[in-house]
A.B. asks: 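Quick one: structure below, then a few questions.
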Amino acid sequence: MVPAAGGGGEGGELERRVMAALKASEARGDQPLVWAVEVARVVAGEGTGLPSADLAGILVSNLCFAHNSPSLWKLVGHAVASRLLCPLHVLALLTPRVLPQRRAQPEAYRLYLELLRSNVTSSFLSMEPGPNRDKITKSIDDALQLSKIYGFSGIDAGHVIIFFMMFVITKLIDCTLEDCGFPSGLTEEQESIYAIEGPQDMDLDVKGVSTEKQSEHRAQLRRKSTVMALDVLIMMVADRKIQSFLRLIFLNMPEKFSALSQRLSLVEAHKVELETLLTANHKIDDLLMNIRRVSNTAYQPNNKRLLGVLGNMKYGGSMLGQFTGAGRAACWVIFDIYVENAIDGKHLSAISAIEVLKEMTKTLQAINEASWQETFKALWISALRLVQRAREPLEGPIPHLDSRLCMLLALIPLSIGAILKEEADVHGAQGSKSLPKKSGLVSSLQDLIQYSGLLVPPSSVVNAANAAASKAAAFKANYKSGGGNPAMMGQNDSSTKTVGNMLHLIVEACISRNLIDTSAYLWPGYVVSSGHLKDATLPQESPWLNFMQGAPLSGPLIDALIATPASSTTELDRLYHIALNGSEEEKSAAAKILCGASFVCGWNIQEYVVRMVVKLLSPPLPSNSSTQGSTSHYLAQMSTLNALLLGISYGDAIHIISLYGMVPDVAAALMPICEVFGSIPPPSNHKPAIVGEISVYSVFSCAFLCLLRLWKFYKPPQEYCLAGRGGSVRLELTLDYLLLMRNNHIDFANSSANSRNSSNNIVPLNEVPAQPLYIDSFPKLRAWYFQNQACIASTLSGLCNKNPVHQVANKILSMICRKMNKPGVSSGNLSSTSSSSVSGSSVSTSDDYQRPTVPAWEFLEAVPFVLEAVLTACAHGRFSSRDLTTSLRDLVDFLPASIAAIVSYFLAEITRGIWKMVPMNGTEWPSPGASLHSIEAEIKEILASAGIQIPSCYPRGVPPMLPLPMAALVSLTITFKLDKSSEYIHAISGQALENCAGGSSWPSMPIIAALWTQKVRRWHDFIILSCLRSPFGRDKDAVAQLIQSCFSSFLRSSCSGSDFTANRGVGALMGEAITGHGLQLPMAPGFIYLRTCRTFHDTYFVSEVILKQVIEWADKLANGFSSSGPPQLKSGRTPLSSAACMAHQVAMLGGGLLCVAGGPLLVQVLYEETLPTLLLSAREESMKDPGPVSSTLQGYAMANMLFFCGSLLWGAERTSPVMKLSFLSRRPRVVGNHMDFMAGVLDGHILLGCDHGTWKAYVSRFVFLVVKFVPSWLQDIKLDTLKKIASGLRSWNEHDLALALLERGGPQAISSVVDTLL
């Protein structure tokens, strides 16, 4: 007799008594049922409770195979049926004993399968609480080694049940495959786990039967058992609860589920043979189908229960499928909002637009449940609308058309390329042409042919579009004629003139990045020839061809290369080599060429150019040098650095760098340049900067002002204020944050085989892995950085006379006052009321005064004290306004970087509001004249066209006035010349004026605009557009009107369109054209919102207004909108379904507007404060008793908006390290807090103020969206919270949704799911 599992002692005594009772019953000839009664009596006498863990071990150890008799098997069956034994326990003990011996013991295998079939359905799997439950659980785990196989320590009953099912299903598939002569999925390691201890002689002789017949009987039994094993498998996997168990493993332990997936692949590979051997028609299909159903994790809700009154809406299908025409296009409004917002050059981002677009595209494709063809098509159309909106840009310092074209022709192709690369990495290189995303891209481009209105090229790119079309026409002509030389197929046929459009440029951008091939040239309708022209002019030879043939970089060639974008990376590589290794003149020329047309409009190779320019800002050390960042090294590169710095200061250059996410890298490259050149004193004969002259001061100034453009160094203190939560109002860039981002890039690049830009197809330029950079490495820059912050935060402290800064300040005062031929005027007199107490000798009026030939950092350190002195002197009448303006201009001429200190100091002083107002009357200070009222009238007219009414700031007869520092700053800026060499100064001062107006409580922007319009009349429209921001910084009512106008225009009725370009939705919200022979009226409210949202100081108010708008529109939609509502509600479709569809759009619009206004911080506020507060608050009178439909639709819309905000910010799976650093770290806490709030309400610990129908709809919809689209969020939620929410859902009869919620709660929630199911 084999000892029981418990060994000796009490277990051995129980085994002895049980076996004695069995022998007595056998001797009496009792039936097995009586045996079971006797055994039960013995176990009851032990007092250990039922089901008995020890009894199962005793019976199974004797059954396998010391006393292997039919009677004992029947006894086990009766014991299991009567719950004397736990079915799961018995099967777990039998499985590792019977399955390996099924060939030698076919009878035992057959009886095991019978027992399994009778007890493995979900109704028999529960393990009732009892004294032996933990002991049984441990015994099952030990018998099957589940902890070892599934790598899960401390498993409980719930884990045991699902792991047991997975184990048995996997083992039965292996057995079936082996018994049919096919290899199983077992590895050597798994075989060692599953094997039992040594073979035993287990054959049982059947008396009176010959050996031959016995062998035949056993062979037949084996065949039947194999068929039966398949039947048992099919029965098990068809059980819905068992499918749920398997889904738990698939969702929460996918690597363990892969073992079952491998078995399925083997079964499918041998499907025909298995069906023939087992005569199992369709059984294999049923097995595969049921297990694959487990892998389909898309949650399909119960239509009739979810959200009650909205049950007629097709929740189980695609949301996008329920829209038609403009409503369908409106589902992609987030694309339009993002691309237009990204083009605002006043806001630079440290994150690549490629990364953001990639994640956003994947998120919207999932949320809209759209095909990739429709997703890519929507993305292209949003970018085409972006270009058309300002296809004839306003004349101004920064036209922004280059950035718009960069978005369409470079960034979007690169983001799509990153998505296709992910798909190719998953599926491998084979069959890449048939992959759904790549096919979707091709189809989306073919669809664009029909949108001729959006494809009209701006005048600046007509020639490029025609050249691309001609290239395609030549290829097509060669292809049709059977031209044999593929290299010649791309050459233009000069005798054929072909009219091109934006699609030709898009296709070229895609071909250049290997997203599609040249078969696109053969698409129907792609090439439209305008006939043969005899007098057609031959295309001009590209200057790059001459350059590649070895022509020297002379003046005309340099100019031509600057004006013509490169066509290939080969040309760029040669130019980059010259920039590194050429003569000083060649290096400087190469730098200018790289910053020319190739940088701005070389869309097919732009990412390479941007990276090259950034790399050249950090010149590599020569091979014989050992000092990193040495002064001599940088001085040797002065002319090249100067050319690069001026190049990236022009127009859209810095903004384009920002769109590529290179701002942190540029900051890291500029910091050592500033540190080195700012520490070198100029020559003693240094004079104010001469245009084109390169000096230490000019290079420092250009680098320093470029660095300052990367973040808002001059932010007024109220933007640093605590917004009720201990954090800033919005997430703005700082120098510290830029360095953190850059160091994060390096950490990722050093730990990964792929470069950070691998998704962008940017190859590293033979770079040595960079080291982390910290501001402490640059002591001079660090000192200025902290001084600047102190200047912003508080007034200046006094200096003693012997302080070195005091001495430099005196020299600066002497220099800037030298032209003022006034007896008795001295720097001491100027500053006698100043806290800085700057004093010194009287000012000399001759030219032999002592110039402050000090390093730039020392000069900048003294500038705030000089400014305080001259400003105080002017305020007390000792300095005229003209003298003040002249002295400031001299300061900037001597060291252009001084404009930064001027801007920072004046903005801080304006914000403090301590300076007197001065009249802008044309006598002391420049007068805006009559243009002030005309500009104010224009601003009011434009805003009124968008539905916003604002009061007049300047009644006639009231003289215009400005605070003294603001008057000084605007007077200074209008003295600057508008030449290209000064653009790096204008870029700082221009935006400073806008921030200056925003930082003051006085409405000053119209005065500034009037003065600048008088100076540069051709900029009139550009200036007016910039002025639209001013009313919203201080007027909450204007902000509320603007937001209301955005929603009403988005839902405005229009029957004029039926496709993506329809005038309702996106067209009305964002506008078809903002410019074209001046500003176009009416101005679209969405465009105004995106240009002004960063001036909203109270973003919490914005969050509340947007959320209330979503709720109000849901109420209006539910009430049918009567006669003024959208026509869709009166069509043949169900009105309620249409209302729900439009509520979906309203929520998406609200989410998009909120995200751009405040970013991650405002989304956090929405989750943690705004929405919970609204749900807890009593309703307004106008919204009380909304009715069941309205209350439900309100909850539905609120949940949608909250989910859209979170999904746009956090997505389902963020893989980019940049995105993780920026956003993801907040998600677990933010979502967790909100789910805790839900659980508290459902648990009865928090009382609501909203309607119960609203709450029910809100919770159901939000949980549904999270479960369906972003289940990974749930793995960070506390198990107790998930249980409470699931319990609340079950109380509303949402059983499926409650189960789906727990299923996706991670390994921690497995036991809860099993308890729920059983």
Side-chain angles (χ1 to χ4, degrees), residues 714 716-719 791-792 794-796 830-835 864 867-889 902-937 939 950-975 989 992-1015 1023 1026-1027 1029-1035 1095 1097:
Y714 44 72
Q718 78 235 33
E719 291 190 15
C791 176
I792 290 173
S794 64
T795 56
L796 294 174
L830 284 176
S831 57
S832 60
T833 59
S834 166
S835 63
L867 296 175
E868 186 187 29
V870 295
L871 205 60
T872 303
C874 184
H876 289 80
R878 284 187 289 276
F879 218 29
S880 70
S881 58
R882 183 180 297 275
D883 290 340
L884 176 60
T885 304
T886 303
S887 63
L888 294 176
R889 178 59 196 269
I902 295 171
V903 164
S904 189
Y905 176 78
F906 280 4
L907 279 174
E909 294 301 309
I910 290 166
T911 307
R912 293 185 187 109
I914 58 177
W915 295 91
K916 68 176 184 179
M917 306 295 291
V918 296
M920 308 299 289
N921 52 17
T923 305
E924 297 181 8
W925 299 94
S927 169
S931 57
L932 172 62
H933 297 291
S934 67
I935 281 179
E936 190 178 23
I939 294 171
I950 60 170
S952 254
C953 299
Y954 302 100
R956 291 189 179 273
V958 177
M961 304 181 77
L962 288 178
L964 175 60
M966 191 181 298
L969 185 59
V970 69
S971 300
L972 170 65
T973 58
I974 60 178
T975 67
S989 59
L993 287 174
E994 287 191 44
N995 281 271
C996 180
S1000 170
S1001 58
W1002 188 262
S1004 49
M1005 194 63 201
I1007 298 177
I1008 296 172
L1011 292 171
W1012 265 93
T1013 303
Q1014 292 172 359
K1015 176 179 174 66
I1023 292 170
S1026 299
C1027 284
R1029 298 175 171 88
S1030 60
F1032 300 99
R1034 61 182 183 275
D1035 189 348
T1095 66
H1097 284 303

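All values reported here derive from a predicted model rather than from experimental measurement.
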A.B. asks: Output the distance between atom SG (Cys874) and atom NZ (Lys916), rounded to the nearest 0.5 Å.
C.D. replies: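 One finds 7.0 Å between SG of Cys874 and NZ of Lys916.
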
A.B. asks: What's the spacing between Ser989 OG and Leu969 CG if we round to 0.5 Å?
C.D. replies: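 That separation rounds to 7.5 Å.
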
A.B. asks: Rounded to the nearest 0.5 Å, how far apart are CG of Leu907 and CD1 of Ile792?
C.D. replies: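 Separation between the atoms: 8.5 Å.
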
A.B. asks: Determine the minimum heavy-atom distance between Ile974 and Pro926, stating which atoms define it.
C.D. replies: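 Looks like CD1-CG, 4.1 Å.
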
A.B. asks: Quick one: pull up CZ in Phe879 and CG in Leu871 and give me the separation to the nearest 0.5 Å.
C.D. replies: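 So the CZ of Phe879 and the CG of Leu871 are separated by 10.5 Å.
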
A.B. asks: Given the rule in the side-chain contact (heavy atoms from CB on, under 4.5 Å) test, do Leu964 and Glu909 qualify, once you have shown the distances and angles that lead to the verdict?
C.D. replies: CA-CA 9 Å; Leu964 175 60; Glu909 294 301 309; over 6 Å; no

A.B. asks: Of all the heavy-atom pairs spanning Ile950 and Ile939, show the shortest one and how long it is.
C.D. replies: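 Scanning both residues, the minimum pair turns out to be CD1-CG2, 4.4 Å.
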
A.B. asks: What is the distance from atom CG of Leu1011 to atom CG of Leu962, rounded to the nearest 0.5 Å?
C.D. replies: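 Output value for this atom pair is 7.5 Å.
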
A.B. asks: Identify the two heavy atoms, one from Trp915 and one from Ala875, that lie closest to each other, and give their separation to 0.1 Å.
C.D. replies: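 It is CZ3-CB, 3.9 Å.
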
A.B. asks: Please name the pair of heavy atoms, one in Pro928 and one in Ala1010, separated by the smallest distance, quoted to 0.1 Å.
C.D. replies: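 So the minimum-distance heavy-atom pair works out to CB-CB, 3.5 Å.
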
A.B. asks: Looking at Ile1007 and Leu932, what are the two nearest heavy atoms and their distance?
C.D. replies: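 Smallest heavy-atom distance, with atoms named: N-CD1, 3.7 Å.
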
A.B. asks: For a side-chain contact (heavy atoms from CB on, under 4.5 Å) check, start with the C-alpha distance between Leu972 and Leu884, then their side-chain angles and the critical distance, and finish with the verdict.
C.D. replies: CA-CA 9 Å; Leu972 170 65; Leu884 176 60; over 6 Å; no

A.B. asks: Is Glu924 reaching over with its side chain to a backbone N or O of Pro919, donor-acceptor style, under 3.5 angstrom?
C.D. replies: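 Flag not set: sc Glu924 to bb Pro919 has no pair under 3.5 Å.
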
A.B. asks: How many angstroms lie between atom CH2 of Trp1012 and atom OG1 of Thr973, to the nearest 0.5 angstrom?
C.D. replies: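 It comes to 5.0 Å.
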
A.B. asks: For residues Pro965 and Phe906, report the shortest heavy-atom separation together with the two atoms involved.
C.D. replies: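 Closest approach of Pro965 to Phe906, heavy atoms only: O-CD2, 3.5 Å.
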
A.B. asks: Is a side-chain donor or acceptor of Arg889 paired with a backbone partner of Thr975 at a separation under 3.5 angstrom?
C.D. replies: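 Yes, Arg889 side chain to Thr975 backbone: donor-acceptor pair under 3.5 Å.
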
